[in-house]
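Written below as structure tokens is the structure these notes are about.
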Amino acid sequence: TAPLFGATSSTIQNVDLTNVNIASNGRFSLGAVVCELNAEGAISNCHTSGTITANNADFSIPEDVDHITGVRFAGIVGFSAGDITDCHNEINITVNQLAKSDTAKAYHIGLGGIVGYSTSTGKLTNCVNGNEAKTTGLIKYLDNTASMLHVPHIGGIAGFRSTSNNLELSNNTNYGAIEFNANAAGNGTGSYESTSIGGITGSTQGILNNNHNHGSITVAGGNIKALFLGGVAGTAKAPTLTKCHNDGAISIKSPVRFWTIIVAGVAAHAPYSVKNEDIITELTNNAPIVVEASTASDAPINNNYNYRIAGVVGYTNRTIQDCENKENGDITLSGNITLLRNDPQSGFNVAGVYAYNSTTGAPKNNINRGDINVYTNVSKHSSLTSTTPEADKENRIMYRLDIGGVTSHVQLAPVGKEENFGNITIGKADGTKMSITANGIYIGGVIGQRHTRGVGADSSAVNHGHIT
């Protein structure tokens, strides 16, 4: 079958497409209802089911196409600049071996249950991807041929939302599982400049309000320069980030290699969009995060900059308050992590609520109830070349290891009322030894490390959990 409309500026409503079976055939923008929706157009009350696939398709970029564009696939609309409301997608989307001929340009890939890529000021509200049985709305990205210029954005509702801070993404629900496997064929490893994955959206610069993710997210294989993975949003440069919830399990399995990895139950990378007065509020996670580093010496998880994992928010420079990582939000890290190089900013940050906060605003009223289990060996890279200076070999260690029940690292702000009920365990109960090489190790029931002194006292911070 073919998409219902190619490009349109019209209003489309009350469409029901069942048993869709669409192959991409090299099309850049692809949606079962509309491939490209212009700003004057709108879509409402549409339902889709079936499959969309891209198998061994070659999507080269024409010379006159801007680098930001690329492949945009979704169950409802591929590319959108208009409003999308009250739509329901049950199409399963599979991208396999997405080769790219032009290696000179950054190549953005947007995959979403409702929309692949959207821009301008269009709203995306009251939409659902998948079903409660979690058998539809699945998104699979299976590609081991990618060049380093590939930049995937994958979300259960929207892949990539950009350009305007007025973009509204609210009252949406995802049930569909997301699988990212850049080594699916077992005979190679795809390489990526950066990858953003979220249960609701991969990347957004717009408003995130009252969105719920129930779908699991799995990453297994690939060379990824920067991975931003969140239960709701991978990257959220949102002026409003509030009342979002995740209970979809997050799993990262080897072999995967990173320069930077930020993983969180709700929002992985959440810097302020316009001004640092923007506040993150009322986010909750109730699902486990499991990172299984490889035990094979030839396929470790490699990281040479930042390794930040948290129950709610991975990194932010905004005030975060009234957020909670609930009882099922356990964080478990195991296996071997090998560092590629030393850097004064490199860090291994693990926390129940937020891993790294560099704001001057005071975090407060955040609660962690999940356990943190770290069974991970951290070591210097062993495969250094003969030309590597001896001093560099010796210094190629992690700068610091910070673990905290609520936060692992607060850079500038005094901390208000923060509370931890979860237990922190370093090492296995069976007595298996761990090896961690670092310039500094900081572990706290509430705060792992306060980076700057003299900025106000921490008050009303309470730890109820055990540290073992």
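For the numbers below, each heavy atom of this structure counts, side chains included, while hydrogens, waters and symmetry mates do not.
Heavy-atom minimum distance, His212 versus Ile200: O-CD1, 3.4 Å. Of all heavy-atom pairs between Glu418 and Pro363, the closest is OE2-CB, 3.7 Å. For Cys323 against Asn366, the heavy-atom pair with the smallest separation is N-OD1, 3.0 Å. Between Gln205 and Pro239, the shortest heavy-atom distance links the atoms O-CD, 3.6 Å. Between Lys243 and Leu283, the shortest heavy-atom distance links the atoms N-CD2, 3.9 Å.
Residue pairs that meet the salt bridge (Lys or Arg N to Asp or Glu O under 4.0 Å) test with at least one member in residues 73-86, sequence neighbours left out, do not exist here.
Legend: residues meeting side chain to side chain donor-acceptor pair (under 3.5 Å) with Thr281, ordered by chain and number and at least two apart, are Thr242. Thr51 is linked by a side chain to side chain donor-acceptor pair (under 3.5 Å) to Asn21, counting only residues two or more places apart in sequence or in another chain. Under the rule for a side chain to side chain donor-acceptor pair (under 3.5 Å), Tyr175 has no partner lying at least two apart in sequence or in another chain. The salt bridge (Lys or Arg N to Asp or Glu O under 4.0 Å) check on Glu324 picks up Lys326, Arg369, with sequence neighbours excluded. Applying the side chain to side chain contact (heavy atoms under 4.5 Å, CB included) rule to Asn14 yields the partners Asn45; only residues at least two apart in sequence or on another chain are considered. Legend: residues meeting side chain to side chain donor-acceptor pair (under 3.5 Å) with His269, ordered by chain and number and at least two apart, are absent. Looking at residues two or more places apart in sequence or on another chain, you find no ring-ring contact (aromatic ring centres under 6.0 Å, His included) involving Phe5. Looking at residues two or more places apart in sequence or on another chain, you find a side chain to side chain contact (heavy atoms under 4.5 Å, CB included) between Ser44 and Gln13, Thr85. Under the side chain to side chain contact (heavy atoms under 4.5 Å, CB included) criterion, Asn328 pairs with Asn286, sequence neighbours left out. Ala264 pairs by the side chain to side chain contact (heavy atoms under 4.5 Å, CB included) definition with nothing, not counting sequence neighbours.
In this pair, His88 and His47 present their aromatic rings perpendicular. The plane angle is above 60°, beyond the 30 to 60° band.
Contact of the Leu30 side chain with the Ile52 side chain is registered, since non-hydrogen atoms from C-beta on lie closer than 4.5 Å. Under the 4.5 Å side-chain criterion, counting only non-hydrogen atoms from C-beta, Phe180 is in contact with Thr195. Residues Ile84 and Val77 are in side-chain contact: their nearest non-hydrogen atoms beyond the backbone lie under 4.5 Å apart.
In this structure, OG in Ser49 is found 6.5 Å from CD in Glu90, a value given to the nearest 0.5 Å. Atoms OG1 and CD1, from Thr284 and Ile367 in turn, are 11.5 Å apart once rounded to the nearest 0.5 Å. Between Ser194 atom OG and Phe228 atom CZ the span is 6.0 Å, to the nearest 0.5 Å. Distance check, rounded to the nearest 0.5 Å: CG of Leu169 to CG of Leu124 gives 5.0 Å. Thr201 contributes atom OG1, which lies 11.0 Å from atom CG of Asn174 (distance to the nearest 0.5 angstrom).
More than 12 heavy atoms of other residues, nucleotides or ligands shown are found within 6.0 angstrom of NZ on Lys134.
Side chain of Asn213 to main chain of Asn246: no donor-acceptor pair is present (N/O by atom type, distance under 3.5 Å, no hydrogens or angles).
Looking at Asn349 and His409, their side chains never bring a donor and an acceptor atom within 3.5 Å of each other.
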Using the rule given for side-chain contact (heavy atoms from CB on, under 4.5 Å), can you reason through Ile252 versus Ile261, listing the C-alpha separation, both sets of side-chain angles and the distance that settles it, and then say yes or no?
CA-CA 11 Å; Ile252 299 178; Ile261 171 175; 3.7 Å; yes

#### Entry: Criterion side-chain contact (heavy atoms from CB on, under 4.5 Å) on Ile331 and Asp371, from CA distance to verdict
CA-CA 6 Å; Ile331 300 172; Asp371 292 338; over 6 Å; no

**Worked check of side-chain contact (heavy atoms from CB on, under 4.5 Å) between Thr316 and Ile280** = CA-CA 9 Å; Thr316 188; Ile280 296 173; 3.4 Å; yes

Checklist entry - Do Ser196 and Thr235 pass the side chain to side chain donor-acceptor pair (under 3.5 Å) test, and can you show the C-alpha distance, the side-chain angles, and the key distance before you say yes or no? => result CA-CA 6 Å; Ser196 296; Thr235 299; 3.2 Å; yes

